[in-house]
Amino acid sequence: MNIEFSIIETIRDGFESEFGVTIPEGEIQLQPTRKEFEGTYTFVCFPYLRFTRKSPEESGKILGTFLVENNSLVSNFNTVKGFLNLSISDEVWSKRLVELTQTHLDWPEDGSEMMVEFSSPNTNKPLHLGHLRNIFLGWSLSELLNAAGKKVHRVQIINDRGIHICKSMVAWDHFGNGETPESTGMKGDKFIGDYYVKFDKEYKKQVAKLIESGSSEEDAAKSAPIMKEAQETLLKWESKDPEVYEKWKTMNGWVYKGFDVTYRAMGVEFDKLYFESETYKLGKEVVLKGLKEGIFYQKDDGSVWVDLTEDGLDEKLLLRSDGTSVYMTQDIGTAILRYSDYPNISGQVYTVGNEQEYHFKVLFLILDKLGYEWAKECHHLSYGMVDLPSGKMKSREGTVVDADDLMQEVIDAAAKQTAELGKVDELDSDEAENLYRQLGLGALKYYLLRVDPRKRILFNPAESVDLQGNTGPFIQYTHARINSLLRKADQLGIDYAVDNDVNELTEIERDLVYQLGEFKNKVKEAGEEYSPSLMAQFVYDLAKDYNKLWQNVIILKEEDINKRNFRLLLSFQTAKTIARGLSLLGIESPQRM
RNA sequence: GGUCGUGUAGCUCAACUGGAUAGAGCAGCUGCCUUCUAAGCAGCAGGUUCGGGGUUCGAGUCCCUGCACGAUCACCA
């Protein structure tokens, strides 16, 4: 039963029979009635006055009368100025609820496939707060697309080659004394990150010394021995020097192990990893082929470029004069490789910060010029930076918020606040630990996802662990609360999953059934708009409205059995919808808290 | 300077793609736990939607213009 569709059809019939005009399908739209008026759906008459040739008020009345007479779903109407507000009968809402409980919350599989890339770290340092927004966004979008009926391939491209990892390698040679993550008990990514910092320190020291002994700043920067060593290491790597290559493999392996721990803590996993060390060569081949075909051009020094001035962009370098690849070259290769790995995907999404908007605009344009039909299916999910109250995160100033640390802090904060509220009674320690984890991560994820991706986030540590108001734990709490109620109903042996004869609902009950029915649309919309924040907003509104019901009516102890059962069923469906909505954000729903 | 994005309550964010009196949370104030979990609910207060023009029955939303903030325009990634 699609109430909205049914009403729209009847409105079209109404125009036909009352005014003799045919309104094309899809032109008529309904909107939710504002709270202060009676009704659920509102039809705005103004745009159609040229057909009705009557006042807005009168047009509404004619259509309203027609609807009540010709559509059994519509029980009543009122018109305010040109707004026709339609009420749906309570029997319909009651049936609608039963129908919802019997319908799957996800869309059926439509056979299409999508690829979503997210995270995509460098291998020289641990993940930080910025990655968290990226990862939560990418994961949530994957879940949303999946719930919308698509098969989703979650991937990341790992920037495992380049000067950055060479720096860590050189520093390890000098200062490592053969120590390893195992021997030190450190997480692999942290271990490597430390050597990256050690490199930088030593480098600065050497530069300072050179300047002191008379070098210019520029010369010093270039000729510092440790930097030269790093560059030599990179060259050795590119020529597959066995010793360097082995060391590179080992050290990257440490980093991946560390990342795995972090991803597991986040509740995130990937279907396939791409490594730049494996894709840059394909990119280079394609560029050389494009050069031959005249899509690109070569300068006197041998460097290869693409001219995008006709498209309103600049000229862009694709291969350096020494023939080595740049970032763009690798990304061309990666994209092509993905489509050959997964020929059935009908689109891919790159979850990458907005500082790279220009890069992706250029990338997609180049792929298009190379003749790849699927170039127009590529989408850059661009998001704003996460800034701290003190300003931007800067590794040099040590203001980078580490992902592991932050997750732990947020879990600790949840534990502390739970204890303060005196809610730790019934749980054993394992259950309690798990609850704190669910709450802490729920708070953090919701905090980062509720904002429109395009907007930058001012990260407020205190707010991110808040459990009250517009937060993840508030929504989780509503879910836990409902489950407590349903457990009691079960204990009493109440079977509420029946078609109850209810003919008198409160405003909030009608509103909740309406909202529950909107869930699937919201899933689709959030996926199409690449915006988990829409789902975050939806579950929050739902939880908020349910609490209104909870606080204002009696449910389990209601004497009218039909009413009681309807409310229990409504509670059941709300809990189910909240849990699914939260899971689409990557957030777990505790059974009790 | 060019391009893209953002600008809404003291603060953090919404606003169903042009609809009715712009909504939530936090912070502040007032009430409500011997009825199912008060991590809650009810209420008060808080707005020139950055400024200025325009389009129309109607503009936070669309167009023009100015301002502020951010990103970007590398033989970096």
Side-chain angles (χ1 to χ4, degrees), chain A residues 29-37 42 44-47 49 56 80-83 85 120 122 159 162-164 276 299 301-305 312-314 316-322 324-328 330-331 352-359 361-362 382 384-385 387 392 414 417-418 420-421 423 439 443 447 450-452 454-458 460 462-463 466-471 473-478 480-489 518 521-522 525 529 533-534 536-538 540-541 543-544 546-558 567-568 571 592-593:
Chain A
Q29 288 192 330
L30 296 178
Q31 49 186 287
T33 305
R34 291 183 70 99
K35 284 204 292 280
E36 60 264 40
F37 300 101
T42 293
V44 184
C45 299
F46 294 106
L49 298 183
V80 181
K81 292 186 272 181
F83 298 91
N85 302 319
S120 303
N122 287 357
N159 183 19
I163 190 75
H164 57 85
E276 286 188 352
K299 288 192 177 171
D301 61 5
S303 55
V304 178
W305 296 72
L313 303 171
D314 299 318
K316 191 82 188 172
L317 177 83
L318 297 177
L319 285 177
R320 297 191 185 99
S321 49
D322 64 3
T324 57
S325 340
V326 291
Y327 183 43
M328 188 63 76
Q330 298 168 13
D331 269 5
V352 182
N354 65 6
E355 77 251 354
Q356 296 195 31
E357 269 170 16
Y358 184 75
H359 171 78
K361 205 182 265 182
V362 171
S382 166
M385 297 290 101
D387 294 330
K392 288 188 179 182
Q417 293 181 66
T418 302
E420 277 168 10
L421 287 167
K423 302 229 176 197
L439 293 180
Y447 180 81
R450 59 177 254 250
V451 181
D452 184 334
R454 278 173 303 187
K455 293 190 177 170
R456 65 187 248 273
I457 289 183
L458 240 174
N460 182 326
E463 277 177 23
D466 239 328
L467 307 180
Q468 283 151 17
N470 190 354
T471 66
F474 163 76
I475 302 166
Q476 290 170 315
Y477 175 69
T478 309
R481 210 180 202 194
I482 295 174
N483 274 297
S484 159
L485 184 69
L486 296 178
R487 276 195 298 274
K488 288 198 168 130
E518 286 299 302
N521 292 334
K522 200 51 82 171
E525 187 189 349
E529 303 283 324
S533 70
L534 296 175
Q537 187 71 33
F538 176 88
Y540 172 67
D541 287 339
K544 180 109 186 100
Y546 180 84
N547 278 309
K548 217 175 274 182
L549 177 80
W550 175 285
Q551 214 78 217
N552 291 307
V553 305
I554 296 163
I555 299 175
L556 198 56
K557 293 180 181 165
E558 167 64 48
R567 285 172 191 165
L568 283 169
S571 302
R592 56 187 88 214
M593 60 188 276

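Lettering of chains follows the sequences in order, A, B, ..., and the numbering in each one begins at 1.
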Chemist: Give A:Val362 one of three labels, base, sugar-phosphate or nothing, depending on what nucleic acid heavy atoms sit under 4.0 Å from its own.
Modeler: nothing
Chemist: Hey, mind stepping through A:Asn547 and A:Arg481 against side chain to side chain donor-acceptor pair (under 3.5 Å) and telling me if it holds?
Modeler: CA-CA 9 Å; A:Asn547 278 309; A:Arg481 210 180 202 194; 2.4 Å; yes
Chemist: Looking across every strand, which nucleic acid part, if any, lies under 4.0 Å from A:Gln330 by heavy atom: base, sugar-phosphate, or nothing?
Modeler: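 Nothing: the residue A:Gln330, judged by heavy atoms under 4.0 Å, touches no strand.
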Chemist: Which nucleotide in the set B:rU6, B:rU17, B:rG23 lies at the smallest distance from any side-chain heavy atom of A:Glu529?
Modeler: B:rU17
Chemist: Would you measure the distance from the C1' atom in B:rU61 across to the matching atom in B:rG7 and give it in whole Å?
Modeler: 14 Å
Chemist: On RNA chain B, check which nucleotide each of A:Leu458 and A:Lys361 is closest to and give me the residue with the more 5' one.
Modeler: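 By nearest-heavy-atom nucleotide position, the 5'-most residue is A:Lys361.
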Chemist: How is A:Thr42 classified with respect to the nucleic acid when contacts are heavy atoms under 4.0 Å: base, sugar-phosphate, or nothing?
Modeler: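 Answer is base: heavy atoms of A:Thr42 come under 4.0 Å of a base.
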Chemist: Within the 4.0 Å heavy-atom criterion, would you say A:Asn521 contacts the bases, only the backbone, or no part of the nucleic acid?
Modeler: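 Result for A:Asn521 = nothing.
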Chemist: Salt-bridge test for A:Arg454 and A:Asp452: reply yes if a basic N is under 4.0 Å from a carboxylate O, no otherwise.
Modeler: yes
Chemist: May I ask you to say what A:Asp331 touches in the nucleic acid, namely base, sugar-phosphate or nothing, with a heavy-atom cut-off under 4.0 Å?
Modeler: nothing
Chemist: Quick one: label A:Phe46 by what it contacts on the DNA or RNA (base, sugar-phosphate, nothing), any heavy atom closer than 4.0 Å.
Modeler: base
Chemist: Counting only side-chain N and O atoms of A:Arg34, is one of them less than 4.0 Å from OP1 or OP2 of B:rA20?
Modeler: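 Yes, such a contact exists.
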Chemist: I need the CG-C1' distance between A:Leu534 and B:rA14, as an integer number of Å.
Modeler: 10 Å
Chemist: If you check the A:Asn159 side chain, which of B:rG40, B:rC16, B:rA77 turns out closest?
Modeler: B:rA77
Chemist: When the nearest nucleotide of RNA chain B is assigned to A:Lys81 and to A:Leu549 on a heavy-atom basis, which residue is associated with the more 5' position?
Modeler: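 Of the two residues, A:Lys81 wins.
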Chemist: Nearest 0.5 Å please: distance from the CG atom of A:Asn159 over to the CD atom of A:Gln330.
Modeler: 6.5 Å
Chemist: Counting any heavy atom closer than 4.0 Å, what does A:Met385 reach on the DNA or RNA strands: base, sugar-phosphate only, or nothing?
Modeler: nothing
Chemist: I'd like the P distance from B:rC50 over to B:rU6, given in whole Å.
Modeler: 12 Å
Chemist: Test your reading of the model: is there a side-chain donor-acceptor pair from A:Tyr447 to the backbone of A:Asn460, 3.5 Å cut-off?
Modeler: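 Side chain of A:Tyr447 to backbone of A:Asn460: a pair is present.
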Chemist: Looking at every strand, decide which applies to A:Tyr540 at a 4.0 Å heavy-atom threshold: base, sugar-phosphate, or nothing.
Modeler: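 Sugar-phosphate, no base atom in range.
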Chemist: Nearest to the side chain of A:Lys557, heavy atoms from C-beta on, is which of B:rC41, B:rC26, B:rU35?
Modeler: B:rU35
Chemist: Side chain of A:Glu463 only, heavy atoms from C-beta on: which candidate in B:rU72, B:rU17, B:rU12 is closest?
Modeler: B:rU12
Chemist: Would you indicate what A:Ala480 reaches in the nucleic acid, counting non-hydrogen atoms under 4.0 angstrom: base, sugar-phosphate, or nothing?
Modeler: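 The answer is base, as A:Ala480 lies within the cut-off (heavy atoms under 4.0 Å) of a base atom.
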Chemist: Across the strands shown, which category fits A:Leu439 at heavy-atom distances under 4.0 angstrom: base, sugar-phosphate, nothing?
Modeler: base
Chemist: Name the nucleic acid region contacted by A:Lys35, choosing base, sugar-phosphate or nothing; use a 4.0 angstrom heavy-atom cut-off, strictly under.
Modeler: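 Sugar-phosphate, no base atom in range.
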Chemist: Nearest to the side chain of A:Lys423, heavy atoms from C-beta on, is which of B:rA39, B:rC4, B:rA42?
Modeler: B:rA39
Chemist: If pairing requires Watson-Crick or G-U wobble contacts with both distances under 3.5 Å, which nucleotide is the partner of B:rG51?
Modeler: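 B:rG51 is paired, partner B:rU65.
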Chemist: Report which part of the nucleic acid A:Val326 touches: base, sugar-phosphate, or nothing (heavy-atom distance under 4.0 Å, all strands).
Modeler: sugar-phosphate
Chemist: Measure from the side-chain heavy atoms of A:Arg487 and tell me the nearest of B:rC36, B:rC26, B:rU37.
Modeler: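 Of the options given, the side chain of A:Arg487 lies nearest B:rU37.
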Chemist: Look at the rings of A:His359 and A:Tyr327 and say which category their plane angle falls in: under 30° parallel, 30 to 60° tilted, over 60° perpendicular.
Modeler: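 Rings of A:His359 and A:Tyr327: parallel, under 30°.
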Chemist: Rounding to an integer number of angstrom, what distance separates B:rG60 and B:rU21 when you compare their C1' atoms?
Modeler: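 Result for the C1' pair: 15 Å, nearest Å.
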Chemist: Under 4.0 Å, heavy atoms only, any strand: does A:Glu558 hit a base, just the sugar-phosphate, or nothing?
Modeler: nothing
Chemist: Could you check how far CD1 of A:Ile475 sits from C1' of B:rA24, rounded to whole Å?
Modeler: 12 Å
Chemist: Of the listed nucleotides (B:rC73, B:rA77, B:rA24), which one gets closest to any side-chain atom of A:Glu276?
Modeler: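 Minimum distance to the A:Glu276 side chain belongs to B:rA77.
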Chemist: Which nucleotide wins on minimum distance to the side chain of A:Lys544, given the candidates B:rA20, B:rG25, B:rU72?
Modeler: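 For the A:Lys544 side chain, the nearest candidate turns out to be B:rG25.
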Chemist: Report which part of the nucleic acid A:Phe474 touches: base, sugar-phosphate, or nothing (heavy-atom distance under 4.0 Å, all strands).
Modeler: sugar-phosphate
